Enquirer: 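Sending over a structure as structure tokens; questions will come in a sec.
Bear in mind that the values here come from a model prediction, so they are computed numbers and not experimental data.
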Amino acid sequence: MDLLNIPAAWKGNDLINSKYWNYQLTPAEIAEIEAAIQSLKGSDPEAIQFNQLRKTLEAISEELENGKGVVLLKGIPVEQYSEAELTELHLTLCRQMGILIRQSNIDFNSPSRETTQFVTYIRAEAASSGDGKQSNDAYKLHTDRYDALSLLCVKQARVGGENGLASAVTIYNEMLKSHPKIAEELFQGMPWLFEGENGWISYPIWYIHNGKFTTQLSSTYPRLSQFVEGAPRLSENHKEGLDLLQTIGNKVGVTLTLEPGDWLMVNNHIVYHARSSWKIESGDYDRLLLRVCFSPSNSRELPDTHAFRAMWGSVAAGQPRGGFLPNHKLSPDQAINEPLSETESYWLDRYLKVRWVGVPQTK
């Protein structure tokens with residue numbers, strides 16, 4: 001194994017020199033966004049035209065896939081528009097870069113499920129409570145099963161709610177130097193809790209395919225697999241590796257507080273993200289982020305192995321993949337409008353209990 005000297009191997013301070021980190025949208029780009037919202041209000045999406053913004057989004061797609069894997073745009077006029085209008089805008093902008101992917105969230109069975117499967121309203125409804133409510137729990141560095149994650153900040157908490165980011169490639173490089181045996185073992189499959197087969201799957205934390213790095217990280221799902229009958233035991237190197245990933249990531253990463261109008265995008269294959277807890281308040285400080293996930297048109301090919309096909313559905317470049325039930329009969333870019341099967345409902349329930357409720361060591 002060799003150290004990787006690629007743009008995705010960044011440390012926190014390196015982001016300052018990235019063109020699309022703290023990129024301030026130009027007046028022309030903001031005007032195009034405002035015109036798009038008006039077109040969406042009139043139910044005339046065909047009238048939407050992005051000229052300057054289209055060029056910027058094309059460059060951002062390149063930065064996400066072949067650059068640092070993370071961008072932060074600033075200046076979307078969120079205070080002028082309703083939650084519904086901003087939702088449609090966010091979905092529209094992400095469609096310019098790829099294919100929307102359905103998510104599993106607490107609104108999955110709502111009357112508006114066809115829309116809510118493609119957007120999650122990240123807010124705190126209770127402090128670490130059950131009943132399917134979102135909490136304000138902190139999450140460690142992790143990835144989600146989507147090629148790209150997009151967060152639009154509408155409101156921010158008065159206290160807390162910071163986001164953390166770290167380059168998976170940099171963490172790999174640092175671990176390779178300090179703990180080479182552990183770094184090597186993370187390329188080998190470890191048991192994960194999984195919505196299929198026998199309730200677990202063997203999946204690697206790191207993989208390099210066609211010269212491109214890809215990762216999936218969770219501190220929760222490998223440990224939860226240990227409660228599944230028949231799942232292999234995590235090795236000591238696996239356990240130490242999961243802890244080292246967090247320790248190194250917190251040293252080489254960056255912490256930021258998104259402001260209203262900020263638009264953060266992350267390539268889940270090369271960047272880990274986290275969040276801190278926050279104080280729950282109402283009114284102006286009722287923290288709200290809109291989350292949309294998509295498969296970019298220029299996304300990388302994934303390894304053609306049983307584990308990757310099971311986890312992602314498709315491994316082909318530029319195709320819809322990942323998300324909730326990627327191997328469902330409907331493609332991940334289509335809403336599931338029929339009732340979920342008993343098995344699908346079970347796994348949605350398992351996911352929500354881990355994702356939203358205060359489970360120790362969550363992700």
Enquirer: Looking at Q156 and L258, would you say the former's side chain and the latter's main chain have a donor-acceptor pair under 3.5 Å?
Expert: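 Between the backbone of L258 and the side chain of Q156 there is a qualifying donor-acceptor contact (under 3.5 Å).
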Enquirer: Report yes if the side chains of T56 and Y23 come closer than 4.5 Å at any heavy-atom pair, otherwise no.
Expert: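 The answer is yes; the side chains approach within 4.5 Å.
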Enquirer: Looking at side-chain heavy atoms only, is the closest gap between V252 and S167 below 4.5 Å?
Expert: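 A side-chain contact is absent here, since even the closest heavy-atom pair is not under 4.5 Å.
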Enquirer: Which residues satisfy the side chain to side chain contact (heavy atoms under 4.5 Å, CB included) test with E344, sequence neighbours excluded?
Expert: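 E344: side chain to side chain contact (heavy atoms under 4.5 Å, CB included) contacts with L325, H328, L340, S341.
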Enquirer: Taking the side chain as everything from C-beta on, heavy atoms only, tell me whether I205 gets closer than 4.5 Å to Q216.
Expert: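 A side-chain contact is absent here, since even the closest heavy-atom pair is not under 4.5 Å.
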Enquirer: Does E236 pair with K239 as a salt bridge, N-O distance under 4.0 Å?
Expert: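 Salt bridge present between E236 and K239.
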Enquirer: At what distance, to the nearest 0.5 angstrom, does NE2 of H179 lie from CD of E174?
Expert: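 Reported value, rounded in 0.5 Å steps: 11.5 Å.
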Enquirer: Quick one: name the residues clustered hydrophobically with Y146, using the 4.5 Å side-chain heavy-atom rule over I, L, V, M, F, W, Y, and just say none if it's on its own.
Expert: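 Members besides Y146, by chain and number: I101.
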Enquirer: List for me each residue that meets side chain to side chain contact (heavy atoms under 4.5 Å, CB included) alongside V154, sequence neighbours excluded, and say none if there are none.
Expert: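 For V154 the side chain to side chain contact (heavy atoms under 4.5 Å, CB included) partners, ignoring immediate neighbours, are L86, L288, L290.
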Enquirer: Does atom CG of N51 have more than 12 heavy-atom neighbours, drawn from other residues, nucleotides or ligands, at distances under 6.0 Å?
Expert: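 Above 12, so yes.
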Enquirer: Is there a side-chain contact between V228 and N198 (heavy atoms, below 4.5 Å)?
Expert: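 No, their side chains stay 4.5 Å or more apart.
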Enquirer: Just so I know, are the side chains of I171 and T215 near enough to count as touching, which here means a heavy-atom distance under 4.5 Å?
Expert: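 Answer no - side chains too far apart.
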Enquirer: Of all residues at least two apart in sequence or in a different chain, which pass the salt bridge (charged side-chain N to carboxylate O under 4.0 Å, His left out) check with R233?
Expert: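 Partners of R233 by the salt bridge (charged side-chain N to carboxylate O under 4.0 Å, His left out) criterion come out as none, since no residue qualifies.
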Enquirer: Are N237 and S235 linked by a side-chain donor-acceptor pair shorter than 3.5 Å?
Expert: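 S235 and N237 do not have a side-chain donor-acceptor pair below 3.5 Å.
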Enquirer: Is R287 reaching over with its side chain to a backbone N or O of G161, donor-acceptor style, under 3.5 angstrom?
Expert: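 At least one qualifying donor-acceptor pair exists.
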Enquirer: CD of E79: more than 12 outside heavy atoms within 6.0 angstrom?
Expert: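 Result for CD/E79: enclosed.
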Enquirer: Group every Ile, Leu, Val, Met, Phe, Trp and Tyr by side-chain heavy-atom contacts under 4.5 Å, then state whether I270 and L149 land in the same group.
Expert: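 Yes, it is one cluster - the side chains of I270 and L149 are joined through contacts under 4.5 Å.
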Enquirer: Quick check: does any side chain N or O of S225 sit under 3.5 Å from a backbone N or O of P222, one acting as donor and the other as acceptor?
Expert: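 Pair found, side chain donor or acceptor close to backbone of P222.
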Enquirer: Hey, mind stepping through L245 and Y172 against side chain to side chain contact (heavy atoms under 4.5 Å, CB included) and telling me if it holds?
Expert: CA-CA 8 Å; L245 283 162; Y172 157 75; over 6 Å; no
Enquirer: Under the 3.5 angstrom rule, does the side chain of K155 hit a backbone N or O of G283 as a donor-acceptor pair?
Expert: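 Answer holds: yes.
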Enquirer: Just by modelled atom types, is the L53 backbone N or O under 3.5 Å from a matching donor or acceptor in the E32 side chain?
Expert: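 Answer holds: yes.
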Enquirer: Please determine whether the number of non-hydrogen atoms from other residues, nucleotides or ligands lying under 6.0 Å from atom CD of Q24 exceeds 12.
Expert: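 Count over threshold, so yes.
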Enquirer: Ignoring hydrogens and angles, tell me if any N or O in the side chain of S18 forms a donor-acceptor pair with the backbone of D14 under 3.5 Å.
Expert: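 Answer holds: no.
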Enquirer: Salt-bridged, E185 to K181, with N to O below 4.0 Å?
Expert: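 Salt bridge: no.
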Enquirer: Which residue, W206, Y203, Y207, forms the ring pair (Phe, Tyr, Trp, His ring centres under 6.0 Å) with F187?
Expert: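 The residue from W206, Y203, Y207 that satisfies ring pair (Phe, Tyr, Trp, His ring centres under 6.0 Å) with F187 turns out to be W206.
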Enquirer: Can you check whether T92's main-chain N or O pairs, donor with acceptor, with Q96's side chain at less than 3.5 Å?
Expert: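 Yes, Q96 side chain to T92 backbone: donor-acceptor pair under 3.5 Å.
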Enquirer: Would you indicate whether the side-chain heavy atoms of L302 and M311 approach each other to under 4.5 Å?
Expert: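 No - every pair of side-chain heavy atoms lies 4.5 Å or more apart.
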Enquirer: I'd like to know if the side chain of H273 reaches the main chain of L141, judged simply by a donor and an acceptor atom lying under 3.5 Å from each other, with no hydrogens or angles considered.
Expert: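 Not at all, since once roles are kept as given, no pair shorter than 3.5 Å links the two residues.
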Enquirer: Tell me yes or no: between the side chains of H90 and S150, is some donor less than 3.5 Å from an acceptor?
Expert: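 Indeed, the side chains of H90 and S150 share at least one donor-acceptor pair under 3.5 Å.
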Enquirer: Under 3.5 Å, is there a donor on one side chain and an acceptor on the other for T255 and E162?
Expert: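 No, no side-chain donor-acceptor contact under 3.5 Å.
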Enquirer: Under the side chain to side chain contact (heavy atoms under 4.5 Å, CB included) test, which residues partner E65, sequence neighbours left out?
Expert: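 With sequence neighbours excluded, E65 shows a side chain to side chain contact (heavy atoms under 4.5 Å, CB included) to K212, N267, N298, R300, given in chain and number order.
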Enquirer: Could you verify whether a donor N or O on one side chain and an acceptor N or O on the other, from Q103 and T120, lie under 3.5 Å apart?
Expert: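 The criterion, which ignores hydrogens and geometry beyond distance, is satisfied for T120 and Q103.
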Enquirer: Under a 4.5 Å cut-off applied to non-hydrogen side-chain atoms, are L91 and F118 in contact?
Expert: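 Yes, at least one pair of side-chain atoms sits under 4.5 Å.
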Enquirer: Judged by atom type as modelled, is there a donor-acceptor pair below 3.5 Å linking the side chain of N268 to the main-chain atoms of T143?
Expert: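 Such a contact is absent between N268 side chain and T143 backbone.
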Enquirer: Would you call D304 and R309 a salt bridge, using N to O less than 4.0 angstrom?
Expert: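 Yes, this pair counts.
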Enquirer: According to side chain to side chain contact (heavy atoms under 4.5 Å, CB included), who are the partners of Q80, at least two apart in sequence or on a separate chain?
Expert: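 Scan of Q80 (side chain to side chain contact (heavy atoms under 4.5 Å, CB included), adjacent residues dropped) gives E34, P77.
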Enquirer: Taking R102 for its side chain and F324 for its backbone only, find out whether a donor-acceptor pair lies under 3.5 Å.
Expert: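 Checking the backbone N and O of F324 against the side chain of R102, a donor-acceptor pair under 3.5 Å is found.
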Enquirer: With a 4.5 Å heavy-atom cut-off, do L40 and E85 have their side chains touching?
Expert: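 Result no, sub-4.5 Å side-chain heavy-atom pair not found.
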